[in-house]
2 protein chains.
Amino acid sequence: MTETSTLPTVDRAGPRQTRPRRLVAELIAGRTGHFTAADLAADAQGRGLPLGRATIFRTLELLLGGGALERIDLPDGSHAYVECAPSHHHHAVCSRCGSVVDFDDAELAAVVRAVARRTGFRIDSHRLELFGLCPACQAGERSAG
Amino acid sequence: MTETSTLPTVDRAGPRQTRPRRLVAELIAGRTGHFTAADLAADAQGRGLPLGRATIFRTLELLLGGGALERIDLPDGSHAYVECAPSHHHHAVCSRCGSVVDFDDAELAAVVRAVARRTGFRIDSHRLELFGLCPACQAGERSAG
DNA sequence: GGGCTACATGAGACTCGGTATCATCACCGC
DNA sequence: GCGGTGATGATACCGAGTCTCATGTAGCCC
């Protein structure tokens, strides 16, 4: 390994503030509901922004790691990303417009405990996702027939 | 469309019983815990069985449709398949040995109702997956230190 | 049992989300 | 402003899954 004991400028700060990262953050802020990396790439191309695919994936990973973003699994098995608070919570996803709302899992904890007791499993993590129609899309459905 | 009103031999029965499909069923039966399509392909190749990749995917899809199999999303975002009963239920997945146990969602229904009330969403479907250690792997962890 | 036909197969090309590589660029602490 | 290090992006690559199409075969009818 031959490692020097005095690291010159390593570990001085968090991730760098770069133009591409700001662009990705802007694109995400300009979206509503969930989105994929491909969506962001298309947005960037549509707006003529110079943004590599790899950079988009890396920035998404960074945001995932920081908790500002979460990955959700849609019913069809594909992945999408949503902006959210860094605390532990779950998502309800509108299957029509893609909007997402967070909710906490106070009641869910009881379910998890019950399952753990019944199965003998030691539950370390869990994932709950709800799919349906948001209030706006329900209203649209009613008025549209 | 030019469709003939008398379909000659269509719709006479369910899916055919073929050798490749029996092979896939055998491979699945010979597994414990969750598995991927690639696992089955490797099994088949290892046992010198002639089985196309496309056929494996098609047979998995068939079994998914029939409810004999379910797809789960692992914490790392990858997909796997598990054998299970066709009734609605959820899975607890051992993150060490991959074994899976089913549990029903009697208590979960209350959680879903509460979220629907609070968010205004009309919840049509949901997914809950628990990850942790099965009893056997907990015992192994304790005895191994 | 034989023939027939629609369904199933499998090789391989393709798509798509995501990762690895690597030469070049630019942030930012000094 | 300099310098070093982390970031970028073009591109190749990977793995899961789908599509195509010529060929094979299950299984119904006789």
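Each chain gets a letter, A, B and so on, in the order the sequences are listed, and its residues count up from 1.
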Got a list of side-chain donor-acceptor pairs under 3.5 Å for residues 22-35 of chain A, not counting sequence neighbours?
residue: Arg31(A); atom: NE; partner: Asp43(A); partner atom: OD2; Å: 2.9
residue: Arg31(A); atom: NH2; partner: Asp43(A); partner atom: OD1; Å: 3.1
residue: Arg31(A); atom: NH2; partner: Asp43(A); partner atom: OD2; Å: 3.4

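- Whole-Å rounding puts the Leu40(A) CG to dG18(C) P distance at 11 Å.
- A straight line from CG of Leu51(B) to P of dT9(C) spans 9 Å, rounded to a whole angstrom.
- At whole-Å resolution of the value, CD in Glu61(A) and C1' in dG6(D) are 15 Å apart.
- Evaluation of the salt bridge (Lys or Arg N to Asp or Glu O under 4.0 Å) test over residues 78-93 of chain B, restricted to residues two or more places apart or in two chains, returns none.
- Shown here for Pro75(B) and Arg71(A), the closest heavy-atom pair between the two residues is O-NH2, 4.4 Å.
- Residue pairs meeting the side-chain hydrogen bond (donor to acceptor under 3.5 Å, both in side chains) criterion with at least one member in residues 120-139 of chain B, sequence neighbours excluded, are Glu141(A)-Arg122(B), Asp73(B)-Arg127(B), His88(B)-His126(B), His90(B)-His126(B), Asp105(B)-His126(B), Arg122(B)-Asp124(B).
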Atom pairs under 3.5 Å, N or O on each side, protein against nucleotides 20-24 of chain C: can you list them with distances?
none

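- The backbone N or O of Gly132(A) sits less than 3.5 Å from a side-chain atom of Ser95(A), completing a donor-acceptor pair.
- Leu49(A) has its CG atom 15 Å from the C1' atom of dT8(D), to the nearest Å.
- In this structure Thr36(A) satisfies the side-chain hydrogen bond (donor to acceptor under 3.5 Å, both in side chains) test together with Asp39(A), sequence neighbours excluded.
- One finds no side-chain N or O of Arg53(A) lying less than 4.0 angstrom from the OP1 or OP2 phosphate oxygen of dA10(D).
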For residues 112-120 of chain A, run the donor-acceptor check on the side chains, cut-off 3.5 Å, and write out each pair with its distance to 0.1 Å, sequence neighbours left out.
residue: Arg118(A); atom: NH2; partner: Glu107(B); partner atom: OE2; Å: 3.4
residue: Thr119(A); atom: OG1; partner: Val115(A); partner atom: O; Å: 2.8
residue: Thr119(A); atom: OG1; partner: Phe121(A); partner atom: N; Å: 3.2

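- Remark: nothing in residues 26-38 of chain B comes within less than 4.0 Å of DNA chain C through any heavy atom.
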N/O-N/O pairs, protein side and nucleotides 23-26 of chain D side, under 3.5 Å:
residue: dA26(D); atom: O3'; partner: Gln17(B); partner atom: O; Å: 3.4

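- The closest donor-acceptor contact from the side chain of His91(A) to the backbone of Leu130(A) lies at 3.5 Å or more, if one exists at all.
- Screening residues 48-61 of chain B for salt bridge (Lys or Arg N to Asp or Glu O under 4.0 Å) gives no qualifying pairs among residues at least two apart or on separate chains.
- Each end of the helix from dG1(C)-dC30(D) to dC30(C)-dG1(D) gets its own rotation axis from five pairs of C1' atoms, and the angle between them is 40° to the nearest 10 degrees.
- Nearest heavy atoms, Cys134(A) versus Cys94(A): N-SG, 3.4 Å.
- Not a single side-chain hydrogen bond (donor to acceptor under 3.5 Å, both in side chains) links Ser87(A) to another residue, sequence neighbours left out.
- Look at CG on Leu62(A): it is 15 Å from C1' on dC27(C), rounded to the nearest Å.
- The backbone N or O of Leu51(A) lies less than 3.5 Å from no partner atom in the side chain of Thr55(A), so there is not a single donor-acceptor pair.
- Here the side chain of Arg21(A) pairs a donor or acceptor atom with the backbone of Arg16(A) at under 3.5 angstrom.
- Taking hydrophobic clusters as Ile, Leu, Val, Met, Phe, Trp and Tyr residues chained together by side-chain heavy-atom distances below 4.5 Å, Ile123(B) shares a cluster with Val111(A).
- Closest to the side chain of Phe57(A), from the set dT19(C), dT18(D), dG9(D), is dT19(C).
- Near DNA chain C, meaning a heavy atom under 4.0 Å away, the residues from residues 63-82 of chain A are His79(A), Tyr81(A).
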